[in-house]
Amino acid sequence: METKAFLQVLRTLRRSPVLRQAPIFRMQVSRSESPFTILVATLLSARTQDTVTVPAVERLLAVAPTPERLAALDEDTIARLIYPVGFYRTKARHLKKLARVLIERHGGRVPDTLAELTRLPGVGRKTANLVLGEAFGKPAICVDTHVHRISNRLGIVRSKTPLETERQLMEKVPPAYWSDINFCLVALGQTVCGPRKPRCPVCPVRRWCERVGVAR
DNA sequence: AAAACGGGGGC
DNA sequence: GCCCCAGTTTT
């Protein structure tokens, strides 16, 4: 698939009604605009489906909308609030430490560079890239399982590993569209282009897809 | 039982 | 790069 067709895919997905049925859409409205809440929500979403993550994010942010309020909670309280997201105990530990680090080393603000974000507890390459794109509007790509699978199905890349997918996407897609990739492709993956049985007949971008009807 | 989920950390 | 960690939901 050429770059031009892929940009058509992104534009079409942006306008598609199926996007508003996707859990990730509720994820974006459930958290407020602040970089801190975006960081917290993104950290919670790791290895957990958005349908489970959204209520947990709302419970936690209702009590701890700022680093100061989060730092005031003990680990067990945080763990109870975010249950049952995956790795909830590890995440509770990270969140507790994260609040302290933000206050002590960053003046209570979320840093806006990849290097600084990656140094935060519980924040790796993917989480950092999502925060860069969504909280600060910087060009960044996070290749999760949805983005990896669908990029290959559409034919914009041809790669075995997420890292290789990321390289190829950055090479073929202009930076201005990078942040769009995450939202659009994840939403499509959650609604019609799942890993087992893609629902190609109702797919809004099937006219551009190189593997209509073919799983994996 | 196994796959899947918007991975992270240590080495 | 590789290996280990750790929880729930869906298939």
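The structure displayed is predicted, hence computed values, not measured ones. Throughout, a chain's letter reflects where its sequence line sits, starting with A, and its residues are numbered from 1.
Under 4.0 Å is where a charged nitrogen must lie from a carboxylate oxygen, and between A:D50 and A:R26 no such pair does. Here A:E166 does not pair with A:K126 in a salt bridge; the nearest charged N to carboxylate O distance is not below 4.0 Å. Looking at A:R119 and A:E116, no side-chain N of the basic residue comes within less than 4.0 Å of a carboxylate O on the acidic one, giving no salt bridge. Between A:E134 and A:R31 there is a salt bridge, with a side-chain nitrogen of the basic residue lying less than 4.0 Å from a carboxylate oxygen of the acidic one.
Taking side-chain N and O atoms only, A:R196 has a distance below 4.0 Å to OP1 or OP2 of B:dA4.
For the pair A:Y83 OH and C:dT9 C1', the computed distance is 11 Å after rounding to whole Å. Following rounding to the nearest Å, A:Q49 (CD) and C:dT11 (C1') show an atom-to-atom distance of 11 Å. Residue A:I82 contributes atom CD1, which lies 20 Å from atom P of B:dC5 at whole-angstrom precision. The distance from atom CD of A:Q190 to atom C1' of C:dT11 is 17 Å, rounded to the nearest whole Å. A:D50 has its CG atom 15 Å from the C1' atom of C:dT10, to the nearest Å.
Contacts of A:T145 with the nucleic acid, taken as non-hydrogen atoms under 4.0 Å apart, involve only primed sugar atoms and P, OP1 or OP2.
A donor-acceptor pair is defined here as one N or O able to donate and one able to accept, closer than 3.5 Å; no such pair exists between the side chain of A:T53 and the backbone of A:S45. Checked by atom type and distance alone, the side chain of A:Q21 never pairs as donor or acceptor with a backbone atom of A:T191 at under 3.5 Å. Between the side chain of A:R59 and the main chain of A:Y83, a donor-acceptor pair closer than 3.5 Å is present. Put simply, the side chain of A:T77 never gets that close to the backbone of A:L73: no donor and acceptor are under 3.5 Å apart.
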Protein-nucleotides 1-6 of chain C N/O pairs under 3.5 Å:
none

Just the table, please: protein N/O against nucleotides 8-11 of chain B N/O, every pair under 3.5 Å.
unit_1, atom_1, unit_2, atom_2, d
B:dG8, OP1, A:G124, N, 2.9
B:dG8, OP1, A:T127, N, 3.3
B:dG8, OP1, A:T127, OG1, 2.2
B:dG8, OP2, A:K126, N, 3.4
B:dG9, OP1, A:G122, N, 2.5
B:dG9, OP2, A:V123, O, 3.3

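Distance from the side chain of A:P84 is smallest to C:dT8 among B:dC5, B:dA3, C:dT8.
Here the separation of C:dC4 from B:dC5, taken at their P atoms, is 23 Å to the nearest Å. If you take atom P in C:dA6 and the same atom in B:dA4, they sit 22 Å apart, rounded to whole Å.
In this structure the side chain of A:L44 reaches within 4.5 angstrom of the side chain of A:L95, judged on heavy atoms.
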